[in-house]
Enquirer: 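Okay, handing you the structure first.
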Number of protein chains: 2
Amino acid sequence: MNTNLSIRHLRAFAEVAYCGSFTQAASRLHLTQSSLTATIKQLEQSVGLILFDRTTRRVLLTLQGEQFRPVAEKLISDFDTAIGDLQAIAGQQQGQVAIAASPSTISRLLPPVIDDYRQQYPDIAISLRDDSAGQIEQRVLDNDVDFGIGANHSGHPELNYQPVLSDRYGVVVPAAHPFMGESSIQWQQLIQEELLFLSADTGIRAQLNQFRQAGQLLLSDQKAILEVSNPAGLAALIRQGIGISVLPALAASTESFKELRFIPLIEPLMRREVCLVSRKGRSLSPAASTLLSLAREHFISMPLPPYLESITPEHPANSSTTPTA
Amino acid sequence: MNTNLSIRHLRAFAEVAYCGSFTQAASRLHLTQSSLTATIKQLEQSVGLILFDRTTRRVLLTLQGEQFRPVAEKLISDFDTAIGDLQAIAGQQQGQVAIAASPSTISRLLPPVIDDYRQQYPDIAISLRDDSAGQIEQRVLDNDVDFGIGANHSGHPELNYQPVLSDRYGVVVPAAHPFMGESSIQWQQLIQEELLFLSADTGIRAQLNQFRQAGQLLLSDQKAILEVSNPAGLAALIRQGIGISVLPALAASTESFKELRFIPLIEPLMRREVCLVSRKGRSLSPAASTLLSLAREHFISMPLPPYLESITPEHPANSSTTPTA
DNA sequence: TTCATTTATCGTTTTAAACTATTAATTAAT
DNA sequence: ATTAATTAATAGTTTAAAACGATAAATGAA
């Protein structure tokens with residue numbers, strides 16, 4: 001249709017209209033006058049209309065040129081702001097990042113990362129979605145978030161998992177509990193204990209189920225399962241002396257567990273890996289990419305609770321959760 | 001700023017987004033795939049952002065690409081409609097013409113012209129401004145109208161005058177007047193008559209003043225001048241027998257003068273020229289230009305009242321109003 | 001008139017866009 | 001697993017467009 005016309009022609013038109021002179025406009029556009037003349041000529045011929053009445057002394061808009069001027073100026077301005085917005089996103093002057101992560105990750109790991117990032121890029125909106133393990137992967141798959149942070153992943157073929165932290169399982173006991181003095185506990189010692197669980201859809205519970213199914217630990221003679229949907233509630237029950245629980249060190253290090261004791265489990269020593277989860281084959285926005293790198297850096301260097309260790313990219317551990325002898 | 005980017009890049013982007021394939025989009029744009037790839041690459045590099053995640057099998061918009069898509073589509077559409085509107089004006093599918101003319105011109109000369117034009121270009125808006133002689137020229141100078149039609153022009157250096165009609169002066173008398181039987185009247189015969197005038201700013205009155213100043217006719221011993229601002233009022237006074245008036249044939253041929261007699265003046269035989277008035281060195285819009293030509297044609301061939309003659313472009317009369325022996 | 005200035009035009013150079021052919025990668029089918 | 005088919009990326013070339021420089025024609029001012 002008007003394939004031969006372009007923003008270039010509009011810029012030329014607007015500048016000549018503004019200057020009332022080809023020579024002057026050409027200089028402002030860093031062009032030669034002859035080139036500008038040719039451009040305006042093209043525009044006029046494409047449109048079939050004289051836009052300027054010119055003598056060597058003065059260049060005036062025709063009636064139609066006058067009418068077209070505001071239209072052209074708006075087109076140019078719209079174009080420039082649209083491109084400018086894109087460039088701003090690229091330059092991270094604006095934009096947004098959305099992350100899905102577990103509650104414990106958000107409260108224990110992310111605050112210093114976010115704080116750091118905010119200071120560098122105060123105009124990027126950040127959205128933290130508090131989701132359970134399975135939901136995190138779904139969020140990433142659905143493009144609801146830029147990336148996720150979570151453990152107990154399902155190894156989805158369309159997702160990329162980059163391990164960042166190794167998180168040790170342990171028991172959480174109240175101050176009065178017999179385990180209190182121990183520095184480590186064997187899984188067998190748990191058999192007689194009342195065990196409290198987080199609801200099935202949380203990563204921790206899913207992990208324990210997996211072990212039970214694998215028969216590595218006999219929990220089948222347990223009483224009816226008592227489960228709580230959120231970690232804070234679980235902590236309250238433990239404080240009450242109702243039972244004890246098995247949790248990863250990360251989850252047990254939140255504020256709710258302050259008065260409780262975390263004792264690492266051995267035989268087998270068991271870990272889960274906290275991974276950065278992103279979509280395979282899809283690029284991250286600059287903002288997301290920066291935040292992800294920053295998170296990785298922080299995770300390597302940040303002070304961590306006991307039994308939580310960072311995994312450096314140079315020594316990538318096996319990406320699936322594994323018991324270690 | 002974004003001088004290197006253009007509508008072309010947006011079209012390419014939008015088409016690839018639509019097709020989800022470079023090859024297919026290229027074919028729809030009548031380009032080769034390699035060229036299109038290069039164009040998208042340019043766009044992405046200019047904004048510093050990946051817009052598509054591509055594998056050889058599928059091309060998907062990134063989050064930012066998704067956000068940019070509606071913006072780009074709107075820019076393209078705005079651009080195309082803007083250019084399209086201009087082309088429509090050029091092709092006279094739409095647009096407007098504004099004309100300034102004297103009341104008598106509008107009521108006596110223009111109706112058939114307008115009628116004809118309307119049938120050919122029903123979508124062009126036409127605006128007729130009813131102005132007196134001096135105002136007509138000002139309207140044209142101010143670019144309020146595309147062109148004007150009027151007599152008694154001042155010969156303004158920035159205006160072009162193209163004579164189209166020669167309009168003879170005569171006296172207008174009521175049915176009972178002694179002049180009634182005459183086929184012509186000499187200017188001297190008017191000396192004893194009560195003369196009624198149109199107000200000073202109308203062209204007719206200005207013309208008569210000019211003659212009085214030139215001393216060619218002694219009107220100085222007249223009674224106090226009685227003037228009326230509009231021709232219809234003047235006609236009423238004449239019908240009442242209050243006096244008679246000197247008018248060009250055109251003005252005297254309007255409906256208001258139906259029951260009055262127009263008798264041409266001789267010695268000297270005097271004419272004024274009705275001209276098409278346009279701005280010097282400024283081009284007319286296609287719509288205005290067509291209407292102006294049409295008017296000229298009509299004026300040549302239309303049935304005219306007695307003592308009103310068309311002036312053909314081949315025999316241009318002297319452009320200023322002149323007494324003719 | 002003459003002079004300075006400005007737009008239009010011509011021929012040339014340079015840059016950008018388009019093409020052709022090929023490579024590398026991915027998916028589907030064997 | 002291997003092959004075949006399809007697709008995007010790349011390299012090299014051709015073509016078209018844009019920009020340039022120099023000059024002519026036109027205009028308004030001195």
Side-chain angles (χ1 to χ4, degrees), chain A residues 2-47 49-62 65 157-160 279-283, chain B residues 2-46 49-62 65 156-160 279-283:
Chain A
N2 312 308
T3 314
N4 44 334
L5 286 182
S6 175
I7 287 286
R8 186 177 63 89
H9 296 91
L10 299 189
R11 287 191 208 279
F13 167 79
E15 200 60 45
V16 174
Y18 173 76
C19 294
S21 154
F22 279 69
T23 307
Q24 205 175 324
S27 132
R28 287 174 56 103
L29 292 169
H30 307 292
L31 292 179
T32 56
Q33 169 264 318
S34 64
S35 178
L36 184 56
T37 296
T39 301
I40 295 293
K41 199 178 196 178
Q42 278 177 26
L43 175 59
E44 289 181 327
Q45 285 182 347
S46 290
V47 127
L49 222 44
I50 302 294
L51 265 9
F52 294 103
D53 281 314
R54 38 249 218 219
T55 68
T56 56
R57 199 65 203 158
R58 101 178 84 264
V59 176
L60 291 169
L61 284 163
T62 58
E158 285 187 29
L159 293 177
N160 247 325
R279 280 197 78 172
K280 213 175 256 181
R282 309 229 38 184
S283 47
Chain B
N2 312 309
T3 316
N4 43 336
L5 286 184
S6 176
I7 286 288
R8 185 178 63 88
H9 297 91
L10 299 190
R11 289 191 207 279
F13 168 78
E15 199 60 45
V16 173
Y18 174 76
C19 294
S21 155
F22 280 70
T23 308
Q24 203 175 325
S27 132
R28 288 173 58 103
L29 292 168
H30 307 292
L31 292 177
T32 55
Q33 168 263 317
S34 65
S35 179
L36 185 56
T37 295
T39 302
I40 295 292
K41 200 177 195 177
Q42 277 178 25
L43 176 59
E44 288 182 327
Q45 284 182 347
S46 290
L49 223 42
I50 302 293
L51 266 9
F52 295 102
D53 280 314
R54 33 241 211 237
T55 68
T56 54
R57 200 67 205 158
R58 90 179 91 268
V59 175
L60 291 169
L61 284 164
T62 58
H156 193 286
E158 287 186 27
L159 293 177
N160 247 328
R279 285 199 74 170
K280 212 176 259 180
R282 309 228 40 188
S283 47

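Naming: A, B, ... by sequence-line order, numbering from 1 per chain.
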Enquirer: Does A:Arg57 place a side-chain N or O at less than 4.0 Å from the phosphate oxygens OP1/OP2 of C:dT7?
Expert: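 Answer no for this pair, as no side-chain N or O of A:Arg57 is under 4.0 Å from OP1 or OP2.
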
Enquirer: What is the distance, rounded to the nearest whole Å, between atom NE2 of B:His9 and atom P of C:dA17?
Expert: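 In whole Å, C:dA17 P lies 6 Å from B:His9 NE2.
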
Enquirer: What's the CG-P distance between A:Leu29 and D:dA19, to the nearest Å?
Expert: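 It works out to 10 Å between those atoms.
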
Enquirer: Between C:dA8, D:dA19, D:dA26, which one does the side chain of A:Thr56 approach most closely?
Expert: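 The nucleotide sitting nearest to the side chain is D:dA26.
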
Enquirer: Without decimals, in angstroms, what is the distance between A:Leu43 CG and D:dA17 P?
Expert: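 Spelled out: CG on A:Leu43 to P on D:dA17 is 16 Å.
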
Enquirer: Where the side chain of A:Glu44 meets the backbone of A:Leu51, is there a donor-acceptor pair that is under 3.5 Å apart?
Expert: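 Checking the backbone N and O of A:Leu51 against the side chain of A:Glu44, a donor-acceptor pair under 3.5 Å is found.
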
Enquirer: Could you pull out the closest heavy-atom pair between A:Ser46 and A:Asn4, with the gap in Å?
Expert: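 In this case the closest contact between A:Ser46 and A:Asn4 is OG-ND2, 3.1 Å.
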
Enquirer: To the nearest 0.5 Å, tell me how far A:Ser35 OG sits from A:His30 NE2.
Expert: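 A:Ser35 OG to A:His30 NE2: 13.5 Å, rounded to 0.5 Å.
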
Enquirer: Out of D:dA8, D:dA18, D:dG28, which nucleotide sits closest to the side chain of A:Gln42?
Expert: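 Looking only at side-chain atoms, A:Gln42 lies closest to D:dA18.
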
Enquirer: Nearest whole angstrom, please: distance from the C1' of D:dA8 to the CD1 of B:Ile50.
Expert: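 Checked: the CD1 to C1' distance equals 14 Å.
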
Enquirer: Would you please confirm or rule out a distance under 4.0 Å between OP1 or OP2 of D:dA8 and any side-chain N or O of B:Lys41?
Expert: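 For D:dA8, neither OP1 nor OP2 has a side-chain N or O of B:Lys41 closer than 4.0 Å.
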
Enquirer: Could you tell me whether B:Thr23 contacts a base, only the sugar-phosphate backbone, or nothing, with contacts defined as non-hydrogen atoms closer than 4.0 Å?
Expert: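 Contact class for B:Thr23: sugar-phosphate only.
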
Enquirer: Rounded at 0.5 Å granularity, tell me how far OG in A:Ser34 sits from NZ in A:Lys41.
Expert: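 So the gap between those two atoms works out to 11.5 Å.
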
Enquirer: Requiring both pairing distances under 3.5 angstrom, list the stems that contain DNA chain D and are made of three or more consecutive Watson-Crick or G-U pairs.
Expert: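 Output for stems: C:1-30 with D:1-30.
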
Enquirer: Are side-chain heavy atoms of B:Arg279 and B:Leu159 found at a separation under 4.5 Å?
Expert: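 They are in contact (side-chain heavy atoms under 4.5 Å apart), so the answer is yes.
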
Enquirer: Rounded to the nearest 0.5 Å, what's the gap from CD1 on B:Ile7 to CD1 on A:Ile7? Could you check?
Expert: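 Those atoms lie 4.5 Å apart.
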
Enquirer: So what does B:His30 touch, heavy atoms closer than 4.0 Å: a base, only the sugar-phosphate, or nothing?
Expert: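 Result for B:His30 = sugar-phosphate.
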
Enquirer: Nearest to the side chain of B:Gln33 - D:dA8, C:dT9, D:dT27?
Expert: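 Given the options D:dA8, C:dT9, D:dT27, the side chain of B:Gln33 is closest to D:dA8.
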
Enquirer: Among the nucleotides D:dA19, C:dT26, D:dT10, which one has an atom lying closest to any side-chain atom of B:Thr37?
Expert: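 In terms of side-chain proximity for B:Thr37, the closest of D:dA19, C:dT26, D:dT10 is D:dT10.
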
Enquirer: Could you tell me the separation between the CZ atom of B:Arg11 and the P atom of C:dA17, rounded to a whole number of Å?
Expert: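 Result: 15 Å.
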
Enquirer: Mind calculating the distance between CG (A:Leu31) and P (D:dA19) to the nearest angstrom?
Expert: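 The answer, rounded to whole Å, is 5 Å.
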
Enquirer: Among A:Arg11, A:Arg8, A:His9, which residue meets the side chain to side chain donor-acceptor pair (under 3.5 Å) test with A:Thr39?
Expert: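 Option passing the side chain to side chain donor-acceptor pair (under 3.5 Å) with A:Thr39: A:Arg8.
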
Enquirer: From the options C:dA18, D:dC20, D:dA9, select the nucleotide whose nearest atom is closest to the side chain of B:Thr32.
Expert: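 Among C:dA18, D:dC20, D:dA9, the one nearest the side chain of B:Thr32 is C:dA18.
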
Enquirer: Identify whether any heavy atom of B:Arg58 sits under 4.0 Å from a base atom; if not, whether one sits that close to sugar-phosphate; answer base, sugar-phosphate or nothing.
Expert: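 Nothing, no nucleic acid heavy atom in range.
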
Enquirer: Looking only at side-chain atoms of A:Ser35, point me to the closest of C:dA18, C:dA8, D:dA19.
Expert: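 Of C:dA18, C:dA8, D:dA19, D:dA19 is nearest to the side chain of A:Ser35.
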
Enquirer: Would you indicate which nucleotide in C:dA18, C:dA8, D:dA11 comes nearest to any side-chain atom of B:Ser34?
Expert: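 Nearest to the side chain of B:Ser34 among the choices is D:dA11.
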
Enquirer: Strictly below 4.0 Å: does A:Arg8 bring a side-chain N or O up to OP1 or OP2 of D:dA19?
Expert: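 The answer is yes; a side-chain N or O of A:Arg8 sits under 4.0 Å from OP1 or OP2.
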
Enquirer: Of the nucleotides D:dA8, D:dA18, D:dT10, which one has an atom closest to the side chain of B:Val59?
Expert: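 Comparing D:dA8, D:dA18, D:dT10 against the side chain of B:Val59, the answer is D:dA8.
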
Enquirer: Measure the shortest side-chain to side-chain distance between A:Ile40 and A:Arg54 over non-hydrogen atoms and say whether it is less than 4.5 angstrom.
Expert: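 Touching, per the 4.5 Å side-chain cut-off.
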
Enquirer: Take atom CG of A:Leu36 and atom C1' of C:dT9, then tell me their distance rounded to the nearest Å.
Expert: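 In whole Å, C:dT9 C1' and A:Leu36 CG are 15 Å from each other.
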
Enquirer: Using whole Å, what does the distance between atom P of nucleotide D:dT27 and atom CZ of A:Phe22 come to?
Expert: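 Those two atoms, CZ and P, are 15 Å apart.
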
